[in-house]
Amino acid sequence: MKRSVSEFCRNADGAVAPTVALSLIALFAAAGIGFDYARLVNMDTEIQDAADHAALAAATQLDGGTGAQTRATTAAQSLITNRTRFATGATPIGIASVTFYSAYTDPTNKTLATGDADSKFVLVQMNTRTARYALTPIVRVLSGSTNASAVASVSSAICGVVPFFVCNPGEPSSNSDPALPPTGIDTGAGIVMAEGGTQWGPGNFGFLDQLGNGANGVAEALASNTLFENCSQTTNVTTETGNILNAVRDSLNMRFDFKPGNASACKSPPCAPSTNVIKDVVKEAGNCSWQAPNANAAELATATPPKYFPPDLSLPSGKTPQTMGHPRDLCHYFQDSSGNFPLCTSGRIGDGSWDRTAYFNANHPGVDWKNDPDLGANVTRYQTYLWEAQDTSRLPTNSISGSSPQLSQYGQPQAKCLSPGLAPDPAGIDRRRITAAVVNCRYANAHGGLNGKKTLIVGGYIDVFLVEPSIARSRCSGTGCSNTFTVNGKTYVNAYGSANDIYVEVIGASGTGEGGGIPQITRRDIPRLIE
């Protein structure tokens, strides 16, 4: 027995077992802590992913339109229906709050939005989620919690040709908002757009950079009917320097079937006119030398019928012109000696009142346009143009009787010019419809000016209808002819003396997500996470 006890005491087998047994407590604790920490991290990842996706979904609705905040909140809440598998319980992940900002740089530098229009950023805050520790023996009674938030906005791009900007007509003189939306531009109103120089105000316009190619790039973009690929941000545009209308006039006039004076004007063919090129000019058959006919007030008033209707004169009652293009607003018939348009309340911005009766009598006799469902008493020039383009038989070819050589007006492109034409497509491109950026010129003038190459903030985009080609119109020549006219005792000068004006009619907000319409250009909106 003594020997057995002695041998047992000297035996070292299993000596580490107690140490291992004691270590197991620490090992299980470490494993439990690792497991529970990983569980908490996974839960945090789940909630952060949910916050990111909810914020991105909400940002897609921030279009500045009515109900944007409501739509954004609904989009975020509708997206989050999954469950946090690592949290205690099986309830769906919840959104605690959705907050909108007009500006957001970081959590300490942000501005709350005042409504739908200025909601540019969205913050989504998630509810806190809790996971009870499962395998941490020492702190089993404790639990871990986490939550998440995300901020998102939308980056937008305009893809297509936006060749020029126009000054916002309704911008107040003391405007402090560079992104003030377009105001004072009514659908159907005519605008005498003059290229800006040192003076910028309502009715002025300037050209925009086209891929850094200067005036040639602008001319190419305006001439070609296939060059609609370059994209730029919706929030700002870059101006092209200098007075460059001379360089691009051919490009604009090609849309009216004018053969360019510069053979290289069309660098990216085809450069088609519209299929409806009715305009206020005439030409001889067999050539492409368009010209503005000459006239004076006495001749217009006494001829039966009048030889033609120059848009710088109000047509006398009961007279029907022999040829007539889409005319200007009545208040744009006359200028004063300073070049202003005193008959228009807003100067270069008209009121949409044009001589519809004279136009339809001249070009569409017998058409009850006032009661036509496609026209109506307040039909715009652009609506008239589309109605004419639907049926080639509606496109007039009128001649001036007694003219030698014979001068005629043509509503369709002529083979000697740029035929065939590109028909206006209600779901595509229209050669006499152009998208323009609207810029707050008064604000820009007060903050660095508009001269030179500038990056300007955009208030919005509008589509305009090209009413007439840009040419010099010397309406009156010869013995006894005068370019001054007396109306109601006041004397006015010819309103059509300059080829540097572009006369357009406002169609409305462009088809870029700014209010609908034909997609002359497309808009790409990409939501992005800020933090």
Side-chain angles (χ1 to χ4, degrees), residues 42-87 89-130 145-160 179 181-182 231-236 457-461 508-517 519 521-531:
N42 286 331
M43 186 176 70
D44 181 75
T45 300
E46 279 188 335
I47 298 177
Q48 188 60 58
D49 283 346
D52 292 346
H53 286 87
L56 289 171
T60 63
Q61 304 302 310
L62 300 184
D63 57 3
T66 301
Q69 290 187 354
T70 300
R71 286 184 276 110
T73 302
T74 300
Q77 293 173 338
S78 299
L79 184 73
I80 306 303
T81 58
N82 60 318
R83 304 175 186 275
T84 48
R85 299 305 180 187
F86 293 91
T91 57
I93 298 174
I95 294 176
S97 62
V98 179
T99 309
F100 300 93
Y101 299 94
S102 61
Y104 191 100
T105 302
D106 56 58
T108 63
N109 187 9
K110 57 192 177 183
T111 304
L112 281 171
T114 59
D116 293 326
D118 66 340
S119 293
K120 308 293 185 183
F121 302 84
V122 57
L123 166 65
V124 173
Q125 181 72 49
M126 308 302 295
N127 283 328
T128 299
R129 299 291 284 165
T130 301
S145 299
T146 185
N147 58 21
S149 64
V151 179
S153 184
V154 173
S155 292
S156 302
I158 288 291
C159 299
C231 299
S232 59
Q233 290 186 355
T234 59
T235 53
N236 54 63
I457 295 175
V458 177
Y461 292 86
S510 72
T512 65
E514 302 284 339
I521 55 181
T522 57
R523 173 171 174 162
R524 299 174 183 172
D525 294 328
I526 302 175
R528 59 189 178 92
L529 285 173
I530 306 299
E531 63 177 37

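Below, each value reflects all heavy atoms present in this structure, side chains not excepted, and no hydrogens, waters or symmetry copies. Source: prediction; values computed, not measured.
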request  = Heavy atoms only: give me the nearest Leu56-Ala152 pair and the separation to one decimal.
outcome  = N-CB, 4.0 Å
request  = Work out which heavy atom in Ala55 is nearest to a heavy atom in Val124; give both atom names and the distance.
outcome  = CA-CG2, 3.7 Å
Leu62 side, atom CG; Tyr101 side, atom OH - distance, nearest 0.5 Å = 13.0 Å
task = Decide side chain to side chain contact (heavy atoms under 4.5 Å, CB included) for Asn109 and Asp106; before the verdict, give the C-alpha distance in whole Å, the side-chain angles of both, and the deciding distance to 0.1 Å.
result = CA-CA 5 Å; Asn109 187 9; Asp106 56 58; 3.5 Å; yes
Over all atoms of both residues, closest heavy-atom pair of Gly67 and Asp116 = N-OD2, 2.8 Å
message = Minimum heavy-atom separation for Ala150 and Ala51, please, with both atom names.
response = CB-O, 3.5 Å
note = Between Ala76 and Ala54 the two heavy atoms that sit nearest each other are CB-O, 3.6 Å
message = If I take atom CG from residue Asp52 and atom OG from residue Ser149, how far apart are they, to the nearest 0.5 angstrom?
response = 9.0 Å
Rounded distance (nearest 0.5 Å) linking atom OG of Ser119 with atom CG of Leu112 = 9.5 Å
task = Applying side-chain hydrogen bond (donor to acceptor under 3.5 Å, both in side chains), name anything that partners Tyr104, two or more places apart in sequence or on another chain.
result = Glu531
key: CG on Leu123 to NZ on Lys110, rounded to 0.5 Å   = 6.5 Å
key: Partners passing side chain to side chain contact (heavy atoms under 4.5 Å, CB included) against Ser97 (at least two apart in sequence or in another chain)   = Thr99, Gln125
request  = Please report the closest heavy-atom contact between Ala59 and Val122, naming both atoms and the distance.
outcome  = N-CG1, 4.0 Å
ask   = For Phe100, which residues count as a ring pair (Phe, Tyr, Trp, His ring centres under 6.0 Å) partner, sequence neighbours excluded?
value = none
